[in-house]
Amino acid sequence: MQRATAIARKMVTVYGMSERLGTVSFDSGNDEVFIGRTMGHSRGYSEAVAAQIDQEVKDLVDGAYRRCQDILEAQRDKLEQVAQYLLEHETMERDAFLTVFGEKTHEQPENVPAADAEDQD
């Protein structure tokens, strides 16, 4: 979560990737570093803008979290197949993984249930 939050904060403050705040960089690049930690940071924006940045970062992280949950829920049966295979074999080759997810591979791996025939067309 720390890394996701740091990436979202850079998206908003450095790269201007915010619809709410616009394509503006809020990063002044004037960090004062002491023993590897940021001790001071001069901002060129108000507390109100800082609050908007915090909210935008929170919205980005929350949205990504919800999207991740949706993907995992939609693929749950396939993820369980992968987990079962890994419990039995400890490792999984690319072709076996792709077979579980219905992708066409050069060979049909052993002991992996193929995805539904409809998914492979």
Side-chain angles (χ1 to χ4, degrees):
M1 292 306 298
Q2 288 175 338
R3 185 167 175 156
T5 302
I7 290 169
R9 185 164 299 283
K10 281 190 174 189
M11 287 171 63
V12 173
T13 62
V14 177
Y15 308 122
M17 297 174 73
S18 167
E19 288 184 28
R20 187 180 317 166
L21 298 169
T23 54
V24 176
S25 176
F26 293 98
D27 182 40
S28 65
N30 293 331
D31 288 345
E32 297 174 20
V33 178
F34 178 72
I35 310 178
R37 301 193 61 146
T38 302
M39 298 301 288
H41 180 78
S42 59
R43 304 192 301 225
Y45 48 87
S46 68
E47 286 296 321
V49 172
Q52 287 181 321
I53 290 170
D54 290 344
Q55 187 60 51
E56 187 74 1
V57 169
K58 183 178 182 335
D59 291 348
L60 283 170
V61 173
D62 288 348
Y65 184 82
R66 283 190 303 274
R67 183 169 181 250
C68 181
Q69 280 186 310
D70 292 346
I71 291 168
L72 291 173
E73 288 172 9
Q75 302 294 330
R76 184 180 183 104
D77 60 327
K78 294 174 183 173
L79 293 171
E80 287 177 356
Q81 288 178 25
V82 168
Q84 185 60 42
Y85 185 91
L86 289 171
L87 287 171
E88 293 172 12
H89 298 91
E90 292 188 25
T91 61
M92 186 176 216
E93 298 292 323
R94 177 183 184 272
D95 285 345
F97 182 84
L98 292 176
T99 298
V100 169
F101 280 86
E103 302 289 327
K104 293 182 181 184
T105 62
H106 296 13
E107 299 177 13
Q108 180 69 22
E110 296 178 23
N111 303 324
V112 178
D116 294 336
E118 295 173 3
D119 291 342
Q120 291 195 15
D121 289 333

Open item on the list: For residues 3-17, which residue pairs pass the side chain to side chain donor-acceptor pair (under 3.5 Å) check, not counting sequence neighbours?
Closed with: Arg9-Asp54

- [ ] Taking all heavy atoms of Tyr45 and all of Phe26, pick out the closest pair and write down the distance.
- [x] CE2-O, 3.3 Å

Give every donor-acceptor pair under 3.5 Å between a side-chain atom in residues 64-77 and any protein atom, sequence neighbours left out.
residue: Arg76; atom: NE; partner: Glu80; partner atom: OE2; Å: 2.9

- [ ] Name all residues meeting the side-chain contact (heavy atoms from CB on, under 4.5 Å) criterion together with Thr91; count only those two or more places apart in sequence or in a different chain, and write none if there are none.
- [x] none

Between side-chain atoms of residues 55-62 and protein atoms elsewhere (two or more places apart, or another chain), which donor-acceptor pairs fall under 3.5 Å?
residue: Gln55; atom: NE2; partner: Asp59; partner atom: OD1; Å: 2.8
residue: Glu56; atom: OE1; partner: Arg20; partner atom: NE; Å: 3.2
residue: Glu56; atom: OE1; partner: Arg20; partner atom: NH2; Å: 3.3
residue: Glu56; atom: OE2; partner: Ser18; partner atom: OG; Å: 3.1
residue: Lys58; atom: NZ; partner: Asp62; partner atom: OD2; Å: 2.6
residue: Asp59; atom: OD2; partner: Arg20; partner atom: NH2; Å: 2.4

- [ ] Provide the closest heavy-atom pair for Val100 versus Lys78 in the form atom of the first, atom of the second, distance.
- [x] CG1-O, 3.5 Å

Task: Heavy-atom closest contact (Thr99 atom, Asp95 atom, distance) - done: OG1-O, 2.8 Å

- [ ] Sequence neighbours left out, what passes side-chain hydrogen bond (donor to acceptor under 3.5 Å, both in side chains) with Glu47? Give chain and number order.
- [x] Arg43

